[in-house]
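Values below: all heavy atoms of this structure, side chains included; hydrogens, waters and symmetry mates excluded.
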Amino acid sequence: MDFQGFPKIPRLSRNCVITEKIDGTNASICIGEDGSFLVGSRTRWITPEQDNQGFARWANEHKDELIVGLGFGHHFGEWWGAGIQRRYDLKEKRFSLFNTGRWTEDNKPQCCYIVPVLAVGVFSTHLIEETLDELAMSGSVAAPGFMKPEGIVIYHEASRSMFKKTIEKDEGKESA
């Protein structure tokens, strides 16, 4: 029998990044080293013919900009706005990238947005509650003036794990 070591346990009191949780539909763009271009929802590859809220059509319309701007890899984000979930009082749909450690306003493709960073600091329930309360009181940062934001996503850097906390209905039975 091969020896199996116990995995290292990350320390809880390490840096975390808290972003706004946007209520839309999960979306992804995968760019291969060979230039291949795939578009996905949370659970499957999609096409303009078998789409998810128009994301595949939008991505293909912006394909050249996305290939150059995003580069090789699998890029995840939220497709949100007009006609999707909370709608955020927008007349258009937007694609907001999740990886705030990689993307900034200076290096993202022009057709994309980035989920707003609300707080950065050592993980604590106080920081999480304070950030969630501020979002509830001030409204969405992603769509200023929209006063019913969904919640936050907490990325714990040491564990490389994400957690979500919503303003409403956060307690009880868990769903995806």
Side-chain angles (χ1 to χ4, degrees), residues 1-46 52-53 55-56 59 66-67 69-80 84-86 95-109 112-137 140-142 149-176:
M1 180 179 290
D2 290 333
F3 176 79
Q4 182 176 348
F6 192 80
K8 287 189 82 166
I9 300 172
R11 293 191 183 272
L12 186 59
S13 298
R14 292 298 184 262
N15 208 45
C16 71
V17 178
I18 302 175
T19 57
E20 182 173 349
K21 182 178 185 321
I22 300 172
D23 191 13
T25 186
N26 187 277
S28 66
I29 297 169
C30 186
I31 302 168
E33 289 185 47
D34 62 355
S36 58
F37 184 82
L38 294 170
V39 181
S41 69
R42 188 173 61 83
T43 58
R44 64 185 174 89
W45 295 119
I46 57 177
N52 182 28
Q53 297 289 337
F55 181 68
L66 291 166
I67 288 173
L70 294 175
F72 166 74
H74 206 147
H75 310 281
F76 294 93
E78 196 77 2
W79 181 240
W80 61 288
I84 305 173
Q85 304 290 36
R86 290 174 196 257
F95 180 55
S96 291
L97 295 159
F98 290 151
N99 189 344
T100 61
R102 177 174 181 182
W103 302 113
T104 67
E105 288 300 317
D106 295 331
N107 73 355
K108 69 170 183 60
C112 296
Y113 292 78
I114 305 165
V115 293
V117 174
L118 306 178
V120 176
V122 174
F123 178 89
S124 73
T125 55
H126 176 75
L127 178 63
I128 291 165
E129 293 301 330
E130 185 178 80
T131 304
L132 191 65
D133 289 347
E134 178 64 27
L135 183 67
M137 293 292 293
S140 174
V141 174
E150 184 179 15
I152 58 176
V153 172
I154 304 100
Y155 175 67
H156 186 269
E157 291 180 352
S159 69
R160 302 185 81 179
S161 299
M162 290 187 287
F163 304 91
K164 64 183 174 182
K165 189 152 181 64
T166 56
I167 294 170
E168 297 176 351
K169 300 179 184 174
D170 192 60
E171 317 306 329
K173 190 175 181 179
E174 179 61 27
S175 63

task = Please answer whether the main-chain N or O of Leu97 pairs with a side-chain N or O of Trp103 as donor and acceptor at a distance below 3.5 Å.
result =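 Such a contact is absent between Trp103 side chain and Leu97 backbone.
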
message = Taking Gly151's backbone N and O only, do any of them form a donor-acceptor pair with Asp23's side chain (distance below 3.5 Å, no angle check)?
response = no

request  = Could you verify whether a donor N or O on one side chain and an acceptor N or O on the other, from Ser36 and Asp34, lie under 3.5 Å apart?
outcome  = yes

request  = List the steps and the verdict of side chain to side chain contact (heavy atoms under 4.5 Å, CB included) for Trp79 and Asn52.
outcome  = CA-CA 9 Å; Trp79 181 240; Asn52 182 28; 6.0 Å; no

task = Go through the steps for Leu12 and Ser159 under the test side chain to side chain contact (heavy atoms under 4.5 Å, CB included), then give the verdict.
result = CA-CA 8 Å; Leu12 186 59; Ser159 69; over 6 Å; no

[X] to [Y] - nearest heavy-atom pair and separation:
X      : Y     : result
Ile22  : Glu78 : O-OE2, 3.2 Å
Ser28  : Ser41 : OG-O, 4.3 Å
Ala142 : Glu20 : N-OE1, 2.9 Å
Trp80  : Ser96 : NE1-OG, 2.9 Å
Cys112 : Leu66 : SG-CD2, 3.6 Å
Ala59  : Phe37 : O-CZ, 3.6 Å

To the nearest 0.5 angstrom, please state how far the [atom1] atom of [X] sits from the [atom2] atom of [Y].
X      : Y      : atom1 : atom2 : value
His74  : Cys30  : NE2   : SG    : 5.0 Å
Lys164 : Asp170 : NZ    : CG    : 9.0 Å
Ile18  : Lys165 : CD1   : NZ    : 11.0 Å

message = Regarding Lys21 and Glu150, does a basic nitrogen lie under 4.0 Å from an acidic carboxylate oxygen?
response =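 Salt bridge flag = yes for Glu150 with Lys21.
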
query = Crowded around Arg11 CZ? As in, over 12 foreign heavy atoms under 6.0 Å?
reply = no

request  = Run the numbers on Thr25 and Gln85 for side chain to side chain contact (heavy atoms under 4.5 Å, CB included), then give the verdict.
outcome  = CA-CA 8 Å; Thr25 186; Gln85 304 290 36; 5.9 Å; no

Can you check whether [X] reaches [Y] side chain to side chain, under 4.5 Å on heavy atoms?
X     : Y      : result
Thr19 : Tyr155 : no
His75 : Asn99  : no
Asn26 : Phe98  : yes

Under 3.5 Å, which donor-acceptor pairs link side chains of residues 118-137 to any protein atom two or more places apart or in another chain?
unit_1	atom_1	unit_2	atom_2	d
Ser124	OG	Leu127	N	3.0
His126	NE2	Glu130	OE2	3.3
Thr131	OG1	Leu127	O	2.7
Glu134	OE2	Ser138	OG	2.6

message = For Glu105 and Ile114: C-alpha separation, side-chain torsions, deciding distance, then whether side chain to side chain contact (heavy atoms under 4.5 Å, CB included) applies.
response = CA-CA 8 Å; Glu105 288 300 317; Ile114 305 165; 4.1 Å; yes

